[in-house]
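Sharing a structure below in structure tokens format, with a few things to ask.
Letters A, B, ... are given to chains in the order of the sequence lines, protein chains preceding strands, and every chain is numbered from 1.
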There are 2 protein chains.
Amino acid sequence: MTTVNTNFGDDACPHPDVVGDAKRDALDDMLALGTAEIFRVLGDSNRVRMLHLLSTREMCVCDLAAATGIEQSAVSHNLRLLRSARIVRFRREGKQVFYTLDDDHVAGLLRQGIDHARHSNPREEDDA
Amino acid sequence: MTTVNTNFGDDACPHPDVVGDAKRDALDDMLALGTAEIFRVLGDSNRVRMLHLLSTREMCVCDLAAATGIEQSAVSHNLRLLRSARIVRFRREGKQVFYTLDDDHVAGLLRQGIDHARHSNPREEDDA
DNA sequence: TGAACGTATGAATACGTTTTCATATATACA
DNA sequence: TGTATATATGAAAACGTATTCATACGTTCA
């Protein structure tokens, strides 16, 4: 039989060299997961709005809710996520808890993301 | 009666000045959505791995699948998402379609995201 | 034209996330 | 201690996303 497989070993696809190089350069799995994780945290418009505010001022939970129009409960849930990703700091003062964005790296990412959105074509996904 | 509401108008929360400032500085809704959108696209480890490879070389779909171990169909679906977000370019050559990361802004974001993941505490979220 | 290959896509399933509601916890103060 | 206020949280509901399977489409070549 020997069907017309003139070339490469088991690689069905025609570029074993590219595949080889790529495998060598590939991101470590844990690193890819960690990278996706930080982006996933930033990938929600409510969190973007909250973090944008928290990047330039300290705010308590109810101020955040009032300023953004997001329900207090949702704000709290989102802050918990941000806390567990270690990108906000918080301190209690009496009944209130004040939060700030506490990761310069993330602040930079956020700025760049906003900048990207600002300068990118508003028709972002209607030609799927 | 007049319950103990010694202070501010309708703002239940104690910092109307902060809330006012924050409202003024708040991100426009469309901008927040667009920002979250780009992060959401980057917030998946398979797409991170694909984009990392595509940021330094051109690859066809089946090479991508072979190099990453992601199913061809899943690769294709993800590429469609990346295409609709306009962050990859593609060209057909015969039966094959070659893709590249085609947005320096996004390449920068990706690099920063990877960098963040690399230098950040591996225990990212077990103290929720 | 038909077979083979590479890629794309609809639909179903499985899974994860966000929001809301109700309520718990923490603090302050009378 | 009891009440009011600020925040947190579990659980359900609502919603979105990823993966897989089957198959369609587009291209090449015999």
Please work out whether the ring planes of A/F90 and A/Y99 are parallel, tilted or perpendicular, with thresholds of 30° and 60°.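 Parallel: the ring planes of A/F90 and A/Y99 meet at under 30°.
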With respect to the side chain of B/E71, which nucleotide from C/dA8, D/dC21, C/dC21 is positioned closest?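 Of the options given, the side chain of B/E71 lies nearest D/dC21.
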Where B/L53 and B/T68 come nearest, the two heavy atoms and their spacing: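 Closest heavy-atom pair between B/L53 and B/T68: CD1-CG2, 3.9 Å.
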Output the rounded distance in Å from CZ (A/F98) to C1' (C/dT27).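 To the nearest whole Å, that distance equals 13 Å.
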Please report, rounded to the nearest Å, how far the C1' atom of C/dT27 is from the CZ atom of A/R91.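 Rounded to the whole Å, the gap is 15 Å.
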Closest listed nucleotide, where the reference is the side chain of B/K95 and the choices are C/dT7, D/dA8, C/dG6: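 Given the options C/dT7, D/dA8, C/dG6, the side chain of B/K95 is closest to C/dG6.
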Side chain A/H52, main chain B/D25, donor-acceptor under 3.5 Å: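 Looks like yes, one N/O pair under 3.5 Å.
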Verify the stacking flag for A/H77 against C/dT19: centroid separation must be under 5.5 angstrom and the ring planes must differ by under 30 degrees.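 No, the aromatic ring of A/H77 does not stack with the base.
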Nucleotide of D/dT9, D/dT17, D/dA6 approaching A/S73 most closely (side-chain heavy atoms):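 Out of D/dT9, D/dT17, D/dA6, the nucleotide with an atom closest to A/S73's side chain is D/dT9.
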Separation of atom CG in A/N78 from atom P in C/dT20, rounded to whole Å: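 Atom-to-atom, A/N78 to C/dT20, this comes out as 11 Å.
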A/Q96 CD to D/dA8 C1': how many Å, rounded?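 Result: 15 Å.
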When you check the phosphate oxygens OP1 and OP2 of D/dT17, does a side-chain N or O of B/R40 lie under 4.0 Å from one of them?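 Yes, such a contact exists.
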Could you give the CD-to-P distance, from A/E93 to C/dT27, as a whole number of Å?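 That distance rounds to 13 Å.
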Identify whether any heavy atom of A/F90 sits under 4.0 Å from a base atom; if not, whether one sits that close to sugar-phosphate; answer base, sugar-phosphate or nothing.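 No contact.
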OP1 or OP2 of D/dA18 under 4.0 Å from side-chain N/O of B/R47: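 Answer is yes, contact under 4.0 Å.
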From CG of B/L64 over to P of C/dT7, roughly how many Å is that when rounded to an integer?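 Distance check: B/L64 CG to C/dT7 P gives 9 Å.
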Whole-Å distance between C/dA11 P and B/R80 CZ?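 Going from B/R80 (CZ) to C/dA11 (P), I get 11 Å.
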Hey, can you tell me if A/F39 and B/F39 have their rings parallel, tilted or perpendicular (30° and 60° cut-offs)?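 If you compare the ring of A/F39 with that of B/F39, the planes turn out parallel.
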Nearest 0.5 Å, what's the CG-CZ distance between A/L31 and B/R49?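 One finds 11.5 Å between CG of A/L31 and CZ of B/R49.
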So for B/Q72 and C/dA8, does any side-chain atom that can act as donor or acceptor lie under 3.5 Å from a complementary atom in the base?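 Such a pair is found, so the answer is yes.
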Nearest-Å distance, OH (A/Y99) to C1' (D/dT7)?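 Nearest whole value for this atom pair: 8 Å.
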Counting just side-chain N and O atoms, does A/R83 come under 4.0 Å of either OP1 or OP2 of D/dT9?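 Yes, A/R83 has a side-chain N/O under 4.0 Å of OP1/OP2 on D/dT9.
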By nearest nucleotide on DNA chain D, pick out whichever of A/S76 and B/N46 is the more 5' one.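 Upstream on the strand: A/S76.
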